[in-house]
Student: 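Take a look at the following structure, please.
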Amino acid sequence: MSKRFYLTTAIAYPNGRPHMGHAYEAIASDAVARFKRLDGYDVRFLTGTDEHGLKIAQAARAVGVEPRAYVDGTVQPFIELDRQLGISFDRFIRTTDDDHKALCQALWQRMADKGDLYLDRYEGWYSVRDEAYYDESELVAAEDAQGLPVKLSPQGTPVEWTVEESWFFKLSAYAEPLLKLYADQPDFIQPSSRFNEMRAFVDGGLKDLSMSRTSFDWGVPVPGSTGHVMYVWVDALANYLTGAGGSDGEWWPADLHIIGKDVVRFHAIYWPAFLMSANLPLPKIVFGHGFVLNRGVKMSKSDGNVVDPAEMATRFGVDRLRWFLLREVAFGEDGSYSDEAIIERTNADLANGIGNLAQRALSMVAKNLGGAMPGPGPSAGADLLAESMQTLTEAYFAAMNGLQLHRALEAVMAMVNAANGYFADNAPWKLAKTDVAAMSHVLHATLDATRRIVLMVQPVMPEASQRLLDLLGVTADARTFRELDVIVSIGLQLPEPQGVFPRWAEPA
RNA sequence: GGCAGCGUAGCUCAGUUGGUGAGAGCGCCGGAUUCAUAACCCGGAGGUCGGCAGUUCAAAUCUGCCCGCUGCUACCA
């Protein structure tokens, strides 16, 4: 029985082009997926798009096409971005997929069978122009032509108190079970700051949830209830089940849902409540990551600071971008990016750090040993280096398993520093003139440390890692974490060394 | 308004249950070196640990108040 790991990203809403937030979430999730695969897990990695809902319908109507045709077009840039970024998803799910529709209806039926769904009236402030309900708190006060106070939607459109028939879910009945879940499983919601917020929210009592709409039809039809389509979040959250192979799918429950901090409530409250209602197992962990901001400022089209992640990846390179986002931003916290920050960070870590370490040792092997991989032997500080590598490797695994991605990379950089220090202390370039055997021992130890470092960096920089491992003589079948202690064959002819991480020089 | 959290070197941040002289990375300065991608290695510069007042033999670490910031939530309307 092999170890299994099922993780998901949130599904993106394709009513525009993908932005940096999508890239960030995809990259972080991909790093986790790749880490688990290298660690011997059988991994299922799901990502995709959330294609139903009013906004999509409106956007489609605005350009005069059917919703399905509209999303068939807008989904493409999301898939292309994932491909460009090297996202190793096993399935790109679209909520318009046939199996998903069937799954949603089956899930709905299970909740109905449980007696948790009932028909009632939904009342609220409705904007005809927006075709949307707004919460009281979202309304803004204004004055009409006569100077009388009126309420407007956040978009400034008129709203009126409206009553509509709707299916409701007995969310209120799940406050206690949810609190028990939180108490029993404190790491269900991460980071912990989000956990506290959700517990406080549930602690304050839960209202039943409107689960269907009759004002538009771009959604999954409610079984046996003509005119009703499911509330988009039912449809959206259920994608995780569809991607698992269905309600009884072999991959359910999910081990990890990676989502943005803005949708934590849906995943930490509604979703487990739905699943409890349907008598299905709950996901293990919901992780709400932060936002990456352009120079610390939220992107907006009006400010003209919207950055196209595809363009960014093309300019800097996928691996450089991936490294920056996962190393610089504390996973779970908000972060900031800029050209300067990306260049500085990657020059320091990749060019000066990992790349230079590999290059300085490899070039000595090429020049002094004819490119033949040297074998181990005694050298000053070798034990200390080995000890550091061991300790830091443990720190790396602990951090990765704890979703502290930035901490894991911090540990990796500490390994680079340790290896560079060891190398400098032993000055193999001097030994080359006095004691070639001693020199080769130093080169072996350095290259082996580099090999370990690159193995651990694979989840973050899959492409560059492969090239580096090629240069280090690590065969394709010796690149998982099980081979962490397997040294390269002594005497193996290494390829001509070449820089993998060139230093970024800003064009004048 | 309530709840929670934050405010530590130029920048990003670590700092278990209060106790050796307050730390890391980046940036900066100096030294050393030349294998390497002007990279690496060593050393240094030093910040009232947001402010004030307390508790204590002793507080960045506890208490109260104040200032600033963030998240969640509520309400006035």
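Worth knowing before you read on, the calculation uses all heavy atoms, side chains too, and leaves out hydrogens, waters and symmetry mates.
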Student: Using the C1' atom as the reference point in each nucleotide, state the distance between B:rC13 and B:rA22 in Å, no decimals.
Tutor: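 Nearest-Å result for B:rC13 against B:rA22 at atom C1': 14 Å.
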
Student: Counting distance only, does the side-chain N/O of A:S166 pair as donor-acceptor with the main-chain N or O of A:S212 below 3.5 Å?
Tutor: yes

Student: Take A:D262 and A:N352, find for each the nucleotide of RNA chain B with the closest heavy atom, and name the residue whose nucleotide sits nearer the 5' end.
Tutor: A:N352

Student: Can you tell me, in whole Å, how much space there is between the P of B:rG27 and that of B:rC67?
Tutor: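 My reading of the P atoms in B:rG27 and B:rC67 gives 39 Å.
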
Student: If you measure from the P atom in B:rC29 to the same atom in B:rG2, how many Å do you get, rounded?
Tutor: 50 Å

Student: Between A:H289 (side chain) and A:K261 (backbone), is there a donor-acceptor pair under 3.5 Å?
Tutor: no

Student: For B:rC41, which nucleotide in any strand shown is its Watson-Crick or wobble partner with both distances under 3.5 Å?
Tutor: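 B:rG31 - that is the nucleotide pairing with B:rC41, both distances being under 3.5 Å.
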
Student: Which comes earlier along RNA chain B counting from the 5' end, the contact point of A:V416 or that of A:P428, where each point is its nearest nucleotide?
Tutor: A:P428

Student: Would you confirm whether A:E197, through its side chain, and A:V264, through its main-chain N or O, come within 3.5 Å as a donor-acceptor pair?
Tutor: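 Judged by distance alone, no pair lies under 3.5 Å.
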
Student: Round to the nearest Å and state the distance from A:E410 atom CD to B:rC13 atom C1'.
Tutor: 9 Å

Student: Choosing from B:rC41, B:rA14, B:rC40, which nucleotide comes nearest the side chain of A:R360?
Tutor: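 The nucleotide sitting nearest to the side chain is B:rC40.
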
Student: When you measure from the side chain of A:N420, which nucleotide among B:rC35, B:rU34, B:rC41 comes out closest?
Tutor: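 Between B:rC35, B:rU34, B:rC41, the one nearest the side chain of A:N420 would be B:rC41.
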
Student: Counting side-chain heavy atoms from CB outward, which of B:rA39, B:rC72, B:rA36 is closest to A:E197?
Tutor: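 Comparing B:rA39, B:rC72, B:rA36 against the side chain of A:E197, the answer is B:rC72.
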
Student: Anything under 3.5 Å between a protein N or O and an N or O of nucleotides 23-26 of chain B, put it in a table, one pair a line.
Tutor:
from	atom 1	to	atom 2	distance (Å)
B:rC26	O2'	A:E344	OE2	2.6

Student: Quick check against the 3.5 Å criterion: does A:S440 have a side-chain atom that pairs as donor or acceptor with the backbone of A:A437?
Tutor: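 Answer holds: yes.
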
Student: From the set B:rC41, B:rA36, B:rU34, return the single nucleotide nearest to any side-chain atom of A:W429.
Tutor: B:rU34

Student: Using atom C1' of each nucleotide, how far apart are B:rG23 and B:rC49 to the nearest Å?
Tutor: 11 Å

Student: Could you tell me the Watson-Crick or G-U partner of B:rC65, where both distances fall under 3.5 Å? Say none if there is no partner.
Tutor: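 Here B:rC65 is engaged in a pair, and the nucleotide opposite it is B:rG51.
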
Student: Determine whether the aromatic ring centres of A:F316 and A:F324 lie less than 6.0 Å apart.
Tutor: no

Student: Please check: side-chain N/O of A:N15 versus main-chain N/O of A:K55, any donor-acceptor pairing under 3.5 Å?
Tutor: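 Not at all, since once roles are kept as given, no pair shorter than 3.5 Å links the two residues.
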
Student: According to the Watson-Crick and G-U wobble definitions, with both distances under 3.5 Å, which nucleotide is paired to B:rG1?
Tutor: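 B:rU73 is the nucleotide pairing with B:rG1.
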
Student: Would you indicate, yes or no, if B:rA36 has its OP1 or OP2 atom less than 4.0 angstrom from a side-chain nitrogen or oxygen of A:K367?
Tutor: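 Affirmative; the distance criterion is met.
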
Student: Who is the Watson-Crick or G-U wobble partner of B:rC13, with both distances under 3.5 Å?
Tutor: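 The base-pairing partner of B:rC13, which may sit in any strand shown, is B:rG23.
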
Student: Give me the ring orientation class for A:Y174 and A:F169: parallel if the planes are under 30° apart, tilted from 30 to 60°, perpendicular past 60°.
Tutor: parallel

